[in-house]
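Residue numbers begin at 1 in each chain, while the letters A, B, ... track the order of the sequences.
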Amino acid sequence: MKSFETYHPIVLFVYFVSVIGITMFFMHPIYVSLSFLAAVLMNSILFGAHFWKRSWVYVLLFLGMAIINPLISHNGEMVLFYVNHNAVTVEAIAYGMAIALMLLAVLLWFKVYNDTMTSDKFIYLFGRIVPVFALVISITLRLVPLFKRQIKQITQAQKTIGMDYAVGNIWHRIKSIVHIFSILLTWALENTIETADAMKARGYGLPKRTTFSLFRFELRDTIVLSLIGILTIGTVVGSFIGNTTFYFYPTFSPIEFNWYNVLFYIIYTMLLLLPVVIELKERWQWRSLQSKI
Amino acid sequence: MAILAVENLSFTYPDEEECALQAIDFSVEAGEFITIMGQSGCGKSTLLRHLKRELAPHGTKTGNITYQQTNLADLEARTAASEIGFVMQNPENQIITDKVWHELAFGLENLGVDTLTIRRRVAEMASFFGIQKWFRQDTATLSGGQKQLVNLAAVMVMQPKILLLDEPTSQLDPIAAMEFITTLKKLNQELGLTVILIEHRLEDVLPLADRVIVMDKGTIQFDGEPTALLPTLSQLNLLEALPSSMRIFYNLNGTGQPPLTVKEGRTWLSKQAINQTMLPIQEDIKRQPVLEVKGVYFRYDKHADDVLRGLDLTIGEGELFTLLGGNGTGKTTALKVLAGLEKAYRGDVKVFGKKINKYGHNELYREVLGVLPQDPKVLFLEKTVRLDLETMCTSLQLPTDRLQEVVSLLDIAYLLERHPYDLSGGEQQKAALAKLLLLQPKIILLDEPTKGLDVRAKQQLAQILRSLQQQDVTLVIVTHDIEFSAKYSDRCALFFDGIVVSEGMPRTFYSGNNFYTTAAHRISRNQLVNAITPEDVVTLCKS
Amino acid sequence: MQELKTNPLRNIVASIIVFVIIPIVLYIGIAFLGDRKFYFISVTIALLACVPFFISLEQKRTQTREILLIAVMSALSVAGRLLFYLVAAFKPVAAITIISGIYLGAEAGFLTGALSALVSNIYFGQGPWTPFQMFMWGIIGFIAGLLAKTGIMEKKTALILYGVFAGILFSFGMDVWGVMSLTGIFTWEAYTAALVTAIPFTITYAVSNVIFLLLLAKPIGEKLERIKKKYGLME
């Protein structure tokens, strides 16, 4: 998703909120399936073979989650058999599968999200609404790798004075870990004083602070953001008309394929495939550029 | 007209009787480059912090500081923050955010500058400092030298008129320090920036300074041109801090303008009478090998490049061995492999004839081998030095009389009741060394022990090392500090590209090198064969 | 210790959230979302609950050192979570959050917890669980802070009990999310089943909390006190 990633964080964020929101809250089988398939497509584009190699995890997750519902829920009309006088119904199994598929879709979309919304974009978004919180996230993100490195130094130094946390009995290990933590904490807190000084020295705390970012909102961002908006509104409108409504209990409501149902399915599909379309368009442009050279 | 003036400034810290600063008077002209020096605890940092309003320490203060005819206290907050810049010692602690670009923008954000202006100023600064290549990187991935440059740039975007720096290069390796100083020179000479710099590494700085201020016990002892420094410094016993050429000049009772740089030193020396050209070379003592490294290969993970590529090294009992080399060559890694903290994937490390991995996990570090890490703070656990040492004794069931022995050996009784973080760099190192010595190691590996130490602390360290040697302790030091190595080591080696490329006794080693050698040798090379310290030069020249 | 200051803007926003926004969320959820209402409502409320704390942080802008301390404590728990994740029982997050709450005040406790969840998920991956984790860890720190104001947390027994309580609270809270994710709706049968299967985890949480609290609370407290004293922190 090289080209989709480069859009303005607001565009990306609105896209993910829209797609993940719709996926989470509309339990219509067609909608769930579309979102799941699109998520699989996105993941295989992003992670390639690596994703497929690990796909058995998702199959297991799916089976695990799908089994839980029929064991708990005994609603539905089409009874298959009884376990301890409790009915196991086709509806409950279908519902379990639908919800498992939905959860997988959400998980897979989040994987795309995690890959696309890097921390700087994330901090930028927070910075628009809660700038101090965003700054605290940024400071924390600097400290984490620093602390990791320092923990390694401390661990090695402690090892040479007989406090190796990887050997000895459990009490010795716990004590060694606590020592490492304690040393790290003193170091971190004492350094904080200097960092606070450095912040003040550079004028932190003056009134009317601004928030800078490297992101620029360009025309292409406006275009894609409007597209996302139109497609999302389209899908929500479809929902109000009842297009996303589907009941599993007491038994399945019918799935319809009238022209307007299909229209809303297409609108949703367009929303889901937007990043892929952008990617393909860009690749095509590169190719035509290169052939001209 | 003076840009900054300090009039009769005195200052006392709360709960302390002695003045930290006493009747300080001086003024700074726009565009001047001033270096402040003095030994640790002389009040130079306290003085510098008073010049930056936001960092002024709490306590009782009398006297006046004015910036462009305005009392510093009455200065508008935005002016105070932006026009007086401050860079501190530790490169790490001054970085605030996680991205380089954000770090550069941070000060301007605080001033409330709009996005477009920030973009332009940040771009200007990044280009001036050559930061554009790592502009979008995480700050955590930078080296110490890069971090300090980012810190400087992050102050410079606020367009200060005065730049205050408190030992900015003390934590950097010599190359990075040189680069930093060169950048300062450029800022001073090309942009007319006023610079006030505290520094104890004077070799590079003194030639740049228009004026030097020497402080002692909270007072100014000297304020004038660098060439007039000698009498004051000899009085304060601080000559060791000076560049080699000045020390040679002084000890040979030179007259006229003292030479500041190697080039000037060479010219001056060529006019002096020479008594002898060569010092006698001592025989290498045959020592019992205690640490043997044979064909060691090491890499951090399977897919990384080798850091050690067949390292061979033998270290004899009771010797002081220094391993030298540039930054990032893997010296510290080599030390870790010698210490058994990292495992070689090929080759052997033998300690007292026994393979290092044959030692049980606590056997090696008890009474055999100790490691003094680069940052001694990673060893401190408790809130006083005494508690720290006592806890170590009890948790490892060591005899209590050892504590007394170690304390008197290192002469640290006066530190025992203090918090380890309230100690100076040199004192921290002694406290950490005390902790190691409780285990009575026969071999001690030291990683950059002279980093950030001033002259006095270095001399004390050398004394301690000498007394350890007398107890037959073997010392292996990994360092950048050529001068220290030349003066104190028994044998030294140059580490490069994963192996030792040359080794020998300091006199032969340094007089054989052309570039990687001491200032004294570079000054005297044309006339003297094997002088490697200023003392050597003086001995050969004096009749 | 840091007093919990009354903060006008925060109180206004908190009241608006409780009396206006939450009812609207409930209404929307129940009226339009059918089966998915539980999920929608809980996610939204978990997020909304964090808002007053974010606002109070925005107003603390000038208290540089307090901001830094929250960042340090969060980074400490994240680094701990990253480093000791192989030693399964050792997740210091809750313990550090609790200690933050005790020594830096209830609000700082909440923020440390919420920030730890958010930032550690930057490394482990954000997911639909993020808001719940933020809220659960946040509230654990918040309650610790409130209790500390009464002085009770200086007793070892109180610390132990609270460590156990925090373990159980976290487990119970996250199971609400788990049940609603897995079955789509909230039923007590499913919830009880989830709690029973989670017993080993709950015990693990509780035990590691207690160990960490007992071993870390005092040293961290002393260190924070020293910093406060030496540098006039948070005056």
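When heavy atoms are compared at a cutoff of 4.5 Å, B/Leu396 approaches chain A solely by way of its side chain, counted from C-beta outward. Using a 4.5 Å cut-off between heavy atoms, B/Ile118 contacts chain A through both its backbone and its side chain. Using a 4.5 Å cut-off between heavy atoms, B/Lys383 makes no contact with chain A at all. Interface residue B/Ala154: backbone and side-chain heavy atoms are both found under 4.5 Å from chain A. B/Thr139 touches chain A through its side chain: at least one heavy atom from C-beta onward sits under 4.5 Å away, while N, CA, C and O do not. In this structure, no portion of B/Val87 lies under 4.5 Å from any heavy atom of chain A. Both the backbone and the side chain of B/Leu341 have a heavy atom closer than 4.5 Å to some heavy atom of chain A. Neither the backbone nor the side chain of A/Thr140 comes within less than 4.5 Å of any heavy atom in chain B. Contact of A/Pro207 with chain B is made through backbone and side chain together, with heavy-atom distances under 4.5 Å. When heavy atoms are compared at a cutoff of 4.5 Å, B/Arg53 does not approach chain A at all. For a residue to count as touching a neighbouring chain, one of its non-hydrogen atoms must lie under 4.5 Å from one of that chain's; by this rule A/Ile137 does not touch chain B. Heavy atoms of A/Leu135 lying under 4.5 Å from chain B belong exclusively to its side chain. Proximity to chain B (any heavy atom under 4.5 Å) is shown, for A/Ile154, by both the backbone and the side chain.
In terms of heavy-atom pairs under 4.5 angstrom with chain A, the leader among B/Lys377, B/Met158, B/Arg119 is B/Arg119. In terms of non-hydrogen atom pairs under 4.5 Å with chain A, the most contact-rich of B/Val371, B/Leu379, B/Leu438 is B/Leu379. Among B/Ile96, B/Ile84, B/Leu436, the residue making the largest number of heavy-atom pairs under 4.5 Å with chain A is B/Ile96. Chain A forms the most heavy-atom pairs under 4.5 Å with one residue out of B/Gly112, B/Ala81, B/Ala80, and that residue is B/Gly112.
Looking only at side-chain heavy atoms (C-beta outward), B/Ile95 and A/Arg142 come within less than 4.5 Å of each other. The shortest distance between side-chain heavy atoms of B/Asp375 and A/Trp187 falls below 4.5 Å. By the 4.5 Å heavy-atom criterion applied to side chains, B/Leu111 and A/Leu206 are counted as neighbours. With contacts defined as side-chain heavy-atom distances shorter than 4.5 Å, the pair B/Phe106/A/Arg209 qualifies. In this structure, the side chains of A/Ser182 and B/Leu381 come closer than 4.5 Å at one or more pairs of heavy atoms. For the pair B/Tyr365 and A/Ile161, the minimum side-chain heavy-atom distance is 4.5 Å or more. Residues A/Phe212 and B/Asp114 are not in side-chain contact: their nearest non-hydrogen atoms beyond the backbone lie 4.5 Å or more apart. Residues B/His419 and A/Glu190 form a side-chain contact, since some pair of their non-hydrogen atoms from C-beta on lies under 4.5 Å apart.
In this structure, A/Gln153 CD and B/Asp447 CG are separated by 8.5 Å, a value rounded to the nearest 0.5 Å. Within the model, atoms CG of B/Leu116 and CZ of A/Arg216 stand 9.5 Å from one another, a figure rounded to the nearest 0.5 Å. Considering CG of A/Leu143 and CD of B/Glu92, their distance stands at 9.0 Å, rounded to 0.5 Å. A distance of 7.0 Å separates OH in B/Tyr421 from CG in A/Asn191, rounded to the nearest 0.5 Å.
Residue-environment remark: CD (B/Glu76) exceeds the threshold of 12 foreign heavy atoms within 6.0 Å. Annotation for A/Phe13: atom CZ does not count as buried by contact number, only 12 or fewer foreign heavy atoms lying within 6.0 Å. The environment of CZ in A/Arg220 is crowded: more than 12 heavy-atom neighbours from other residues, nucleotides or ligands sit within 6.0 Å.
Between B/Arg49 and A/Asp197 there is a salt bridge, since a side-chain N of the basic residue sits under 4.0 Å from a carboxylate O of the acidic one. Using a cutoff of 4.0 Å between basic side-chain nitrogens and carboxylate oxygens, A/Arg202 and B/Glu103 are scored as salt-bridged.
The shortest heavy-atom contact between B/Leu108 and A/Thr210 is O-OG1, 4.1 Å. Of all heavy-atom pairs spanning B/Lys99 and A/Asp120, the tightest one is CE-CB, 4.0 Å. Pairing each heavy atom of B/Thr115 with each of A/Ser213, the nearest pair is CG2-O, 4.4 Å. Taking every heavy atom of both residues into account, B/Ser395 and A/Lys175 meet most closely at CB-NZ, 4.3 Å.
Donor-acceptor pairing under 3.5 Å is recorded for the side chains of A/Ser138 and B/Asp98. For the residue pair B/Glu342/A/Gln156, the side-chain donor-acceptor check at 3.5 Å is satisfied.
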